[in-house]
Amino acid sequence: MTRRIVRTGLQLTCLVSVVLFLVVFLDNRYRVLPTAIHNHLPAHHPGFVVTDIRVLSCSSLNPFSKCAINEDNWHKIDKDLYLGRGFPSKAYVHVRRKREEELLSHDELVIDVFVGPTSPVDGKLGKNEKWESRSMGIWIKRSSKRHLSDSTKAVTGVDVLFGPDAADPRSNWVMQRTTLKVDAHGEPPEPRLTVRNGPALKVDPPVPRIRKDGKFKILQASDLHLATGYGRCRDAVPDGYNGGPCLADPRTLEFVERILLDEKPDLIILSGDQVNGDTSPDAQSAIYKYSALFTKHQIPYAGIFGNHDDESNLNRAQSMAIMDGLPYSLSHAGPSDVEGVGNYYIEVLSRNGGSTSALTIYMLDTHSYSPQEKKYHGYDWLKPSQIDWFKSTAQSLKHKHKAYSHIHMDLAFIHIPLPEYRNPDNNIVIGNWSEGVTAPSYNSHFTDALVEENILMVSCGHDHVNDYCVPKNNKHGEAALWMCYGGGAGFGGYGGYGGYIRRMRLFEFDMNEARIRTWKRLEWGSQEDLERRVDEQIIVDAGKVVTGM
């Protein structure tokens with residue numbers, strides 16, 4: 001009996017060993033298991049792997065040249081490496097990629113990418129690995145070990161960004177330090193490869209929450225006007241910077257980073273015109289620059305669009321698809337049956353791990369230019385579907401918000417100012433009113449909806465050198481809503497009118513007192529000016545709009 005048990009045990013051990021050998025060794029190399037089983041192995045990440053990279057050039061003067069590979073599995077990264085400055089030439093990066101279950105015995109995997117004049121000498125070439133040269137200074141390391149498709153070594157994504165200041169905020173993406181070799185007329189586009197190894201990582205959006213001291217701070221960064229590359233400074237004060245010429249985007253982002261370090265906001269609101277259409281032929285590169293900065297400091301952010309964001313190579317939906325899912329981003333498109341892209345709300349939860357909402361932030365798309373220019377000159381307006389969505393959403397949340405132990409407060413952000421910013425109630429204006437209010441000519445009365453739903457404050461951008469706050473009265477003649485401007489922050493947009501200094505607005509919420517305090521911070525000046533809270537005021541106290549504080 002004992003011998004039988006021992007023999008059975010030995011047989012089972014041999015069987016398990018054979019199975020382990022089959023799974024760990026043979027399947028790693030030859031994919032002997034069915035895909036249905038293989039895809040459920042713990043080490044496996046299903047998806048595409050890159051097997052080759054090429055650059056194809058073509059000329060608009062040569063009808064026989066084509067910037068496309070007419071073979072299966074080749075994917076064209078639809079970005080001209082010259083950014084339109086290489087006429088008549090164009091060039092595109094092409095990536096051959098396959099699903100892991102489609103790999104054939106002769107396929108080789110790309111496991112590393114390098115850009116430079118010569119092959120990298122890293123001393124890390126293993127058996128069946130080799131560096132291969134491609135045009136424009138690209139080198140790819142390929143391996144015949146197909147089992148590497150299951151590891152973090154395999155290249156699974158390749159993208160192109162532009163500019164000497166390009167950055168990639170995405171998880172497990174690494175940008176090449178050397179630009180691709182392209183000869184373009186005028187300002188060089190400086191295309192850079194950025195590469196992902198291993199599986200695409202899912203990033204859960206952060207959950208904004210009131211701090212333990214009962215406070216919460218928002219930085220409104222409006223009208224950054226970022227470019228592809230450094231950009232061009234407009235109306236800069238002073239013209240030079242740090243002993244050299246003014247570089248728009250580095251100076252803008254340096255300003256933003258200084259305020260992040262000084263003020264330590266809990267949330268950043270981007271209130272439109274993050275991308276400067278005229279100087280940003282690749283909007284993705286501009287979007288990634290501000291996202292990389294916020295990701296570096298691990299601060300959640302949310303954005304809406306202005307009238308310049310979609311004047312480049314991406315429309316609103318395409319830009320939002322990029323923004324949605326980036327680390328620390330709370331941005332998303334909102335309901336598809338509501339006009340515009342970026343109508344959504346953010347709930348800031350109560351402190352100490354509670355699940356109830358303390359603040360609700362409504363984000364709305366104010367579109368771009370008037371669809372009826374002859375009748376209503378200037379800019380577009382909030383549409384009935386947006387107002388209906390806002391009112392129904394606000395009303396549906398009221399019961400839920402009653403669960404909050406303190407006074408719940410609601411606020412909103414838009415890009416283009418509302419007609420009431422022209423101050424029909426003749427209330428006191430706090431801050432600079434240095435240019436005309438470029439609100440829509442047609443009034444869809446969204447301000448009335450804000451007052452009806454007890455929104456305490458709304459803040460916009462668009463008019464760069466207006467940075468004031470003004471209260472709006474209700475039907476009883478009482479101040480019921482503060483309407484503020486964020487002030488222009490970016491050097492890629494205009495900033496004239498009397499030596500205006502770029503600035504950003506902050507809002508601090510003290511939930512212990514149901515109080516909102518706001519002020520602005522300057523980009524340039526004496527040390528005292530840089531540390532000063534400009535036009536600091538209390539706009540809400542005990543959950544009510546107040547004036548004169």
Side-chain angles (χ1 to χ4, degrees), residues 205 222 269-275 302-311 314-325 329-347 357 359-401 410-422 437-462 472 474-475 480-481 483-484:
S222 190
I269 295 294
L270 300 165
S271 54
D273 282 357
Q274 289 78 246
V275 176
I304 49 178
F305 297 121
N307 51 295
H308 292 295
D309 285 294
D310 56 0
E311 292 179 341
L314 300 177
N315 60 33
R316 275 165 149 72
Q318 292 167 328
S319 291
M320 186 59 80
I322 290 174
M323 295 161 63
D324 189 356
S329 174
L330 301 176
S331 310
H332 60 93
S336 59
D337 58 345
V338 176
E339 292 177 78
V341 178
N343 301 293
Y344 61 103
Y345 66 93
I346 300 165
E347 296 277 42
S357 169
L359 294 171
T360 301
I361 305 168
Y362 293 94
M363 310 284 283
L364 292 110
D365 184 6
T366 50
H367 315 287
S368 293
Y369 304 99
S370 173
Q372 303 177 45
E373 179 63 26
K374 291 184 178 179
K375 187 175 182 180
Y376 301 110
H377 176 71
Y379 293 94
D380 207 345
W381 50 87
L382 284 144
K383 305 302 171 60
S385 65
Q386 294 176 279
I387 298 174
D388 290 344
W389 168 81
F390 162 72
K391 293 176 70 172
S392 63
T393 301
Q395 291 166 12
S396 68
L397 292 174
K398 287 187 186 301
H399 177 72
K400 177 182 174 183
H401 293 164
D410 299 305
L411 52 147
F413 288 92
I414 54 178
H415 178 69
I416 297 174
L418 302 167
E420 286 77 9
Y421 272 73
R422 299 188 179 106
V437 176
T438 55
S441 299
Y442 176 76
N443 193 341
S444 60
H445 297 288
F446 179 61
T447 308
D448 295 337
L450 292 172
V451 172
E452 290 169 11
E453 299 304 330
N454 196 32
I455 304 300
L456 299 172
M457 53 134 293
V458 59
S459 196
C460 72
H462 190 58
K472 171 75 173 72
N474 59 21
K475 59 185 178 182
L481 169 74
M483 302 180 295
C484 294

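All figures in this text were calculated on a predicted structure; none of them were measured in a lab.
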[atom1]/[X] to [atom2]/[Y] distance, rounded to the nearest 0.5 angstrom?
X      : Y      : atom1 : atom2 : answer
Asn343 : Ile304 : CG    : CD1   : 9.0 Å
Phe413 : Ser271 : CZ    : OG    : 7.5 Å
Cys460 : Ile416 : SG    : CD1   : 9.5 Å
Leu314 : Met323 : CG    : CE    : 11.5 Å
Leu418 : His445 : CG    : NE2   : 11.5 Å
Leu450 : Met457 : CG    : CE    : 10.0 Å

Tell me, do [X] and [Y] make a side-chain contact under 4.5 Å, heavy atoms counted?
X      : Y      : answer
Ser385 : Val338 : yes
Met363 : Ile269 : yes
Glu347 : His401 : yes
Ile346 : Thr360 : no

Pair His462-Tyr421, side-chain contact (heavy atoms from CB on, under 4.5 Å): steps then yes or no: CA-CA 12 Å; His462 190 58; Tyr421 272 73; over 6 Å; no
Heavy-atom closest contact ([X] atom, [Y] atom, distance):
X      : Y      : result
Ser222 : Gly461 : OG-CA, 3.1 Å
Met320 : Gly303 : CE-O, 4.1 Å
Ile455 : Leu411 : CG2-CA, 3.7 Å
Tyr362 : Leu397 : OH-CD1, 3.7 Å
Pro417 : Ala439 : O-CB, 3.3 Å
Gly306 : Ser368 : O-OG, 4.1 Å

Charged tip of Lys383 within 45° of Trp381 ring normal and under 6.0 Å: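 The answer is yes, since Lys383 meets both limits relative to Trp381.
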Leu364 vs Trp389, side-chain contact (heavy atoms from CB on, under 4.5 Å): CA-CA, chis, key distance, verdict: CA-CA 10 Å; Leu364 292 110; Trp389 168 81; 4.0 Å; yes
Sole residue of Asp365, Thr366, Asn307 in side chain to side chain donor-acceptor pair (under 3.5 Å) with His415: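 The passing option is Asn307.
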Sole residue of Asp448, Thr447, Leu456 in side-chain contact (heavy atoms from CB on, under 4.5 Å) with Leu481: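 Exactly one candidate clears the test, Thr447.
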Whether over 12 other heavy atoms sit under 6.0 Å from Phe390 CZ: yes
Tyr344 and His332 aromatic ring geometry - parallel, tilted or perpendicular at 30°/60° bounds: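 Ring orientation, 0 to 90° scale: tilted.
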Heavy-atom donor-acceptor pair, Arg316 side chain to His367 backbone, under 3.5 Å: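 At least one qualifying donor-acceptor pair exists.
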Worked check of side-chain contact (heavy atoms from CB on, under 4.5 Å) between Ile387 and Ser444: CA-CA 9 Å; Ile387 298 174; Ser444 60; 4.0 Å; yes
Side-chain H-bond candidate by donor/acceptor type, Asp310 with Gln318, under 3.5 Å: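 No, no side-chain donor-acceptor pair sits under 3.5 Å.
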